[in-house]
Amino acid sequence: MTKRRFRRGAVLAAALVAVAAGPALAQDEKEEIAKYQKMIAEGSPAELWELQGEDLWKKKQGPKNASLERCDLGMGPGKVKGAYAHLPRFFKDTGRVMDLESRILYCMITLQGRSEKDATKRLFGNANQPSEMEYLVSYVVGQSRGHKMAAGMSHAKEKDAFEMGKAIFFYRAGPWDFSCASCHGEEGKRIRMQDLPVLSEPPGAQKAYTTWPAYRVSNSQLKTMQWRINDCYRQMRFPEPAFGSDATIALTHYMAVLAKGAPYAGPGTKR
Amino acid sequence: MAGPMKARAKMQGSYADVRVLMNHPMETGQRKGSDGKPVPKHFIQNLTVKLNGKTVIEGEISQAVSRNPVFTFRVGGAKAGDKVEISWLDNKGETNTTETAIA
Amino acid sequence: MNTKLIVPLCAAAFAAAPLAFADPTADEVAAIHKRDFHKRGQAGMDRVAQDAVQRVCTDSHNKPPADLAKALEGDELKAIPFPSGSLIGDWKKGERVASGGRGMTWSDDPKKPSAGGCYNCHQLSPKQPSFGTIGPSLTGFGKKRGSGADMQRYVYGKVYNAKAYSLCSNMPRFGSSGTLTEQQIKDVTAYVLDPSSPVNQ
Amino acid sequence: MDVTRRGVLRGAGATGVLAAALATGLLKPERALAASWNKAAFDAKSALDALKSIGAGNTLESSEIVIEAPQIAENGAVVPIEITSKVAGTKSIAVLIEKNPFPLAGQFHFMDGALPFVKVNVKMGESSIVRVVAEAGGKYYTATKEVKVTIGGCGG
C-alpha cells in the first residue's frame, strides 16, 4: 500500500475521533490477515485480464468492423494512458458525467456500430462465461497505474454528480434500513474478518478506489466498479441499480473525487 | 482453447525469479454449473520450466491448485537474457506455452 | 483540448476551498433512486421508498432530534408483537440463524428461510474467530445479564426491531421487515441468553 | 537434449512436441500421460496413502523446510503457500493439504540448478494442516503449518 501523507481537514479529524468501539482483533491476527492479503496480491493473475483486454480493445468488431482504439475516454481519441485517473468526468458529446464502463459502452455503440443490446450482453462475467467489459476495463485501468486520481470537478454537472453521489451514499432504505454508510461510515469496523474502508473520507476512499477494479478471488474474475456497486446493493437488500445509470455514476464520482491525489494502484486483488 | 499465459523472469542475485500466470478453470469436478449439473474435472496436471531449452523444473499438480494458477520458481545457473519457457498440460490433453527472456 | 487545462486549474481551487455546492433536495434523491433502480427477484421497488424512520435518520445523519426519536421509538416498540410465555427457543437453531447470511437479496429464493447474519457485525461465541465489529461484542451476554423475563423481552424486542430502542441503529429490524420468524427470533434469543449456549461459555 | 526419461516424457507432453512424438510413433499417449502424473498419489484420500504413493512412507521431521503461509486465510479458494527447502540436495517438494478430500496438491521436481522453492496458490475446503515433504538423498523430510480458513463477509 502506498504510504502517503493525507491532507488533514476538519472532516478527517472528526472521523478520527470516532474510534472503533468493538472488540479489537488480536494484533497477530490482524497481521496474519494483512499477510494473506499481501500474498494473494503478489500471486494475482490480474495481469492476464489486462492482456486479454488489450487484445479486445484492439480487435475490430461490430457492424463498422472497428476497434476501440479511437475511443475518447476524455483525453482525446486514442489516448488511454492516464485516462482512467480522470474519470468519471463530464463529456460534451453526451452531455453527462460518465464513468469508464458507461464510456466504453458508448464507444462500442458509436465506433463499432454495435446495438445497445449487443454491447450490454454480458456486463458481469462469471466462472463459466467471462465478460468483454471486465477485460476491457482491466486493460484501461492498468494504463493509469501510477497516475494520480483526478476525477472531473470543474463542470457544473460534475459538481452536481458529486453532491448527488454523496446523498446516495447516505440514503437509508430497503428492508434492512441500510445505506452505503451503514458499513462504510465508521473507522475501524469490519464485516466478519474484512476491514471496511470509510469511503466518505479521503483516506478510505483513496485506499479503496485506487485498488478497484480488482481480481476477486471469490469470483475468480476481475470485477469492475460497476459490479462492486451492484453487488453492494444486492447485499444491502435493495432492488438492482441499472448499469451505467446516473445514480451509480454519481456514487462512483463521489468516491473518485474523495480519492483525489492518490496514485492509482490497480487492478487490485481482493479476497 | 487456452486463455492467455504470461511469464516474467528476473535475476535476483544468484538466481532468476520466475513467475508465471495461467488462465485455467482448474475445475475440481465438485462444483455445479448454472444448469445445476456438476462441472466435469478440468485441471492442469503437468507443468514444465525450461531454461535455454533444458528442463529444470517439472510439476505434477492436482485440482487443488487455485483457478487461474500463479507459480513462482527460482532457477539457478541463469543469467540475464537467458530464455525461460514454461508449458502446461491438462487432463483433457490441452496445452499452452509461453516464454520470456530473463531481465 | 481545453479539458486538459481546466482540470488541473480547478483541482487546485478545489483543494483549497471547502466543498459547498447545492445539495440535491430529498425529493431529488428519492427520485433518482426510483428512476435508476429496478425490481429484481424478490427485491421490489417498494424497497427504495423510505419509511419515516429511514427518512428521519437519513436527513439527520443518524442524529435525530431527541423528542422526535423518542416518539418514533415508542411507535416502533408498540408495534412489536411480543409472544406470551418464554421467549427462549433452541440455541442450537439460533446458532445457525446467527451464522448464516442468506435471505432477502434479489438472488435469494424467498421461499427458503432467511438467516440473521449476526456474526457479520457481532462477536458471539468466543470459539468463532470470524466475526464483525459494526455492532458490540455479545460474548457472555447472558452470563453477564442473566436470562430473566425482562432480559428475554429486551433481546427478543431488539432483534425484532432494533429501531424501537435506538432509532437510527445500524441494525436491521429483523422481525418488522419479515426477515426472521417469531420462532427464529426466539432461537436467537436463546443463543444469546441460554446458559448452555456457546455464547455464554 | 540431455534430459531424464521423465523429462522427455513430461517435457514432450507439456510443450506440444507430444503431437510430433506421437506422429512418429515414439510414444503412446496413455503411456506419456500415465508416466508423467502420479494418479495413485493424487487419487489417495488420506495424506498417508498419498505419501506412500510418492514413496514417502517414512518421513523425518525437519526444521530446514520453511513454509510461508498465512495462519488465517480469508478465502479457502486461494491460499498462497511459499515453500523453501534448505535440506541439501533436495530433488523434489510435495505439498499436501491434509483435510482436503484428495490431500496431495502437487509435487515439484527440481534439476539442473533449479532451487528447491515454489510458491503456489491452493484451495482448502476447511482449516487444515499443510504438510510439505522434501526428497533428498533418497530420504523424505517433512514440516507442517496450520492454516485456518475463515468464513467470509455478508454470509459468504
Side-chain angles (χ1 to χ4, degrees), chain A residues 35-59 121-143 145 213-224 227 231 234 266-271, chain B residues 1-10 12 16-44 47 49 59 61 63-74 84 86-88 90 92 94-100 103:
Chain A
K35 181 173 168 182
Y36 175 75
Q37 285 161 351
K38 183 169 170 275
M39 284 184 90
I40 61 167
E42 285 165 0
S44 173
E47 204 184 331
L48 292 177
W49 265 256
E50 292 182 52
L51 290 171
Q52 193 106 324
E54 184 172 5
D55 288 350
L56 283 168
W57 186 258
K58 293 173 178 169
K59 187 180 161 187
K121 193 167 49 188
R122 194 168 306 287
L123 295 166
F124 304 138
N126 60 38
N128 304 315
Q129 279 158 318
S131 147
E132 182 185 5
M133 178 60 74
E134 288 168 354
Y135 285 125
L136 291 170
V137 162
S138 312
Y139 165 63
V140 174
V141 302
Q143 296 297 306
R145 243 191 317 274
Y215 180 83
R216 212 161 168 268
V217 159
S218 314
N219 305 73
S220 310
Q221 301 281 312
L222 203 138
K223 308 308 289 183
T224 60
W227 176 86
D231 203 59
R234 183 182 66 83
T269 303
K270 312 273 172 180
R271 71 163 278 278
Chain B
M1 190 211 76
M5 182 172 175
K6 174 92 182 170
R8 288 187 189 287
K10 196 170 188 261
Q12 299 281 350
D17 206 79
V18 178
R19 183 163 173 263
V20 59
L21 292 74
M22 308 166 183
N23 193 302
H24 201 283
M26 299 302 285
E27 288 293 351
T28 60
Q30 291 169 343
R31 196 175 65 86
K32 282 190 177 118
S34 43
D35 56 357
K37 288 180 190 154
V39 181
K41 265 190 195 176
H42 185 201
F43 62 99
I44 294 173
L47 51 112
V49 181
I61 62 169
Q63 64 274 19
V65 169
S66 304
R67 181 182 275 264
N68 301 321
V70 179
F71 293 93
T72 306
F73 298 110
R74 289 175 180 172
V84 176
I86 298 143
S87 36
W88 57 255
D90 72 19
K92 289 185 177 175
E94 291 169 6
T95 72
N96 202 356
T97 303
T98 189
E99 60 173 64
T100 185

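Sequence lines set the chain letters: A, B, ... in the order given, protein chains first and strands last, and positions in each chain run from 1. None of these values were measured; they are calculated from a predicted model.
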Electrostatic pair A:Glu50:A:Arg145 at N-O distance under 4.0 angstrom: yes
Over 60° means perpendicular and under 30° means parallel, so classify the ring planes of B:Trp88 and B:His24, tilted if in between. perpendicular
Is the closest side-chain heavy-atom distance between B:Ile86 and B:Phe73 below 4.5 Å? no
Sort A:Glu42 into side chain, backbone, both or neither according to what part of it lies under 4.5 angstrom from a heavy atom of chain B. backbone
Using heavy-atom distances under 4.5 Å, tell me whether A:Leu48 contacts chain B through its side chain, its backbone, both, or neither. both
Counting heavy-atom pairs under 4.5 Å with chain A, the top scorer among B:Thr72, B:Asn68, B:Val39 is B:Asn68
Distance-minimising heavy-atom pair for B:Val20 and B:Met5: CG2-CE, 4.0 Å
